[in-house]
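Data first, discussion second: the structure below is written as structure tokens.
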Amino acid sequence: MIDRLPELGWLQPLSEKERTQLEKEGRFRTYPSKSVLFFQGQPLSDYFFILDGLVSAYQQNESGKRLSVSLFTPGDFFPHVGLLTDAGAYPANAEAITSCRLFILPKEKAWAAFETLPALRRKLTRFLIRKNHELMQRYSDALLHSAADRLLNFLRQLALKIGRRRADGWYAIGIHLTGQNIADYLGIAPETVSRLLHQLVSERFVRREEDRKLLVKIDPQKGR
DNA sequence: GCATTAAGTGGCC
DNA sequence: GGCCACTTAATGC
């Protein structure tokens, strides 16, 4: 079975020319859950395209506290901060939250591809713009809204990205995030996540599946 | 079985 | 909402 690069995320639509060039230059690899892809400050050798799974890019302080700077889902490309400019070193640490299937592209090959394939570069630009919007939205959320609202918002955004809409209108998030994962992303303590999750469940915004996975109700009108 | 990790709770600030 | 202490459940070698 030969690996093929799927039309996923910003890569679609993917022309046959783009596909063959990328497949020739990159490689596929699977990482187990919790494995570290790279550390902040290491020489940047490769870019990653997520085919399946979830990756957290995080910053860490002296006392070990983490802040998940970005969460990458299938179709995302990273690291994208400083892409094509000052990309000498990885800007953050990256860890697989779930087991992941990734397409890995060496830095020089990626730059060459963006140079020789203008259409690919335009698609990348649109992707970067979306990521920029996401970051701004998240930053203002952090300053303007309560932790409970941010948690609900986070679950909804995640559900819209990787969730499955069910017939009853609920969105099923098919992967399990630990309380710590969520806490790192929202910048709050895992105990708070646990409590807020109970609160959201009792308010009927969230439901729990048997296997610890979550269901979210997405009604913009009833947004707390 | 024993150690580790995740989840949940109560209390105090 | 953070932090600490403690309990319980789940997972791993």
Side-chain angles (χ1 to χ4, degrees), chain A residues 29-40 42 48 50-74 76 78 90 92-102 134-164 166 168 170-220 222-224:
Chain A
R29 183 171 167 187
T30 300
Y31 289 84
S33 175
K34 291 178 184 172
S35 53
V36 174
L37 277 53
F38 52 76
F39 287 104
Q40 177 177 8
Q42 279 181 345
F48 301 80
I50 300 194
L51 305 173
D52 187 43
L54 212 58
V55 171
S56 168
Y58 65 96
Q59 220 72 57
Q60 200 163 22
N61 70 8
E62 314 73 40
S63 56
K65 181 186 281 186
R66 289 185 178 193
L67 175 67
S68 194
V69 176
S70 194
L71 222 47
F72 297 108
T73 56
D76 279 347
F78 68 94
Y90 287 109
N93 310 294
E95 179 186 301
I97 286 185
T98 66
S99 70
C100 293
R101 182 135 185 80
L102 305 179
E134 281 180 22
L135 183 61
M136 283 192 287
Q137 187 60 51
R138 190 178 158 210
Y139 183 56
S140 60
D141 274 1
L143 296 179
L144 296 176
H145 300 300
S146 69
D149 286 339
R150 278 149 54 207
L151 174 57
L152 181 57
N153 205 0
F154 165 68
L155 293 176
R156 284 172 168 167
Q157 298 302 321
L158 188 63
L160 287 175
K161 274 190 180 176
I162 66 169
R164 194 184 78 258
R166 306 202 314 185
D168 56 12
W170 288 79
Y171 280 73
I173 297 177
I175 59 164
H176 172 61
L177 291 164
T178 66
Q180 186 70 60
N181 290 151
I182 300 174
D184 289 345
Y185 187 78
L186 296 178
I188 59 181
E191 298 96 320
T192 305
V193 172
S194 172
R195 288 173 169 125
L196 293 178
L197 224 35
H198 277 290
Q199 184 184 327
L200 291 176
V201 168
S202 71
E203 291 174 347
R204 305 284 189 268
F205 289 111
V206 175
R207 277 168 54 193
R208 290 173 191 273
E209 291 272 58
E210 315 72 45
D211 52 2
R212 286 219 208 93
K213 289 168 185 170
L214 299 174
L215 298 177
V216 195
K217 191 77 173 177
I218 303 186
D219 295 333
K222 300 199 303 180
R224 282 174 61 89

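In the text below, chain A, chain B and the rest are named by the order of the sequence lines, each starting its count at 1. Because the structure is a prediction, the values reported are computed rather than measured.
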Looking at Tyr185(A), does the NZ or CZ of Arg138(A) lie under 6.0 angstrom from its six-membered ring centre and within 45 degrees of the ring axis? yes

Return the set of residues passing side-chain contact (heavy atoms from CB on, under 4.5 Å) with Gln42(A) (not counting sequence neighbours), or none when no residue passes. Phe38(A), Phe39(A), Tyr90(A)

Listed partners of Ser33(A) passing side-chain contact (heavy atoms from CB on, under 4.5 Å), at least two apart: none

Going by side-chain contact (heavy atoms from CB on, under 4.5 Å), name the residues that satisfy it together with Arg166(A), two or more places apart in sequence or in a different chain. Arg164(A), Asp168(A), Trp170(A), Ala172(A), Arg207(A), Glu209(A), Leu215(A)

If a protein heavy atom is under 4.0 Å from the base, mark B; if only from the sugar-phosphate, S; if neither, -; do that for nucleotides 8-13 of chain B going 5' to 3'. SBBB--

Of the nucleotides dA7(B), dT5(B), dC3(C), which one has an atom closest to the side chain of Lys65(A)? dC3(C)

Asn181(A) side chain to Thr178(A) main-chain N or O, any donor-acceptor pair under 3.5 Å? yes

Can you sort out the partners of Ser194(A) under side-chain hydrogen bond (donor to acceptor under 3.5 Å, both in side chains), two or more places apart, ordered by chain and number? none

Please determine whether side-chain contact (heavy atoms from CB on, under 4.5 Å) holds for the pair Asp211(A) and His176(A), giving the CA-CA distance in whole Å, both sets of side-chain angles, and the decisive distance to 0.1 Å. CA-CA 8 Å; Asp211(A) 52 2; His176(A) 172 61; over 6 Å; no

For Ser56(A) against Ile97(A), the heavy-atom pair lying closest together: CB-CD1, 3.6 Å

Could you write nucleotides 6-13 of chain C as a row of B, S and -, 5' to 3', where a protein heavy atom under 4.0 Å of any base atom gives B, of only sugar-phosphate atoms gives S, and otherwise -? ----S---

Can you tell me the distance, in whole Å, between the CD1 atom of Ile188(A) and the C1' atom of dA7(B)? 15 Å

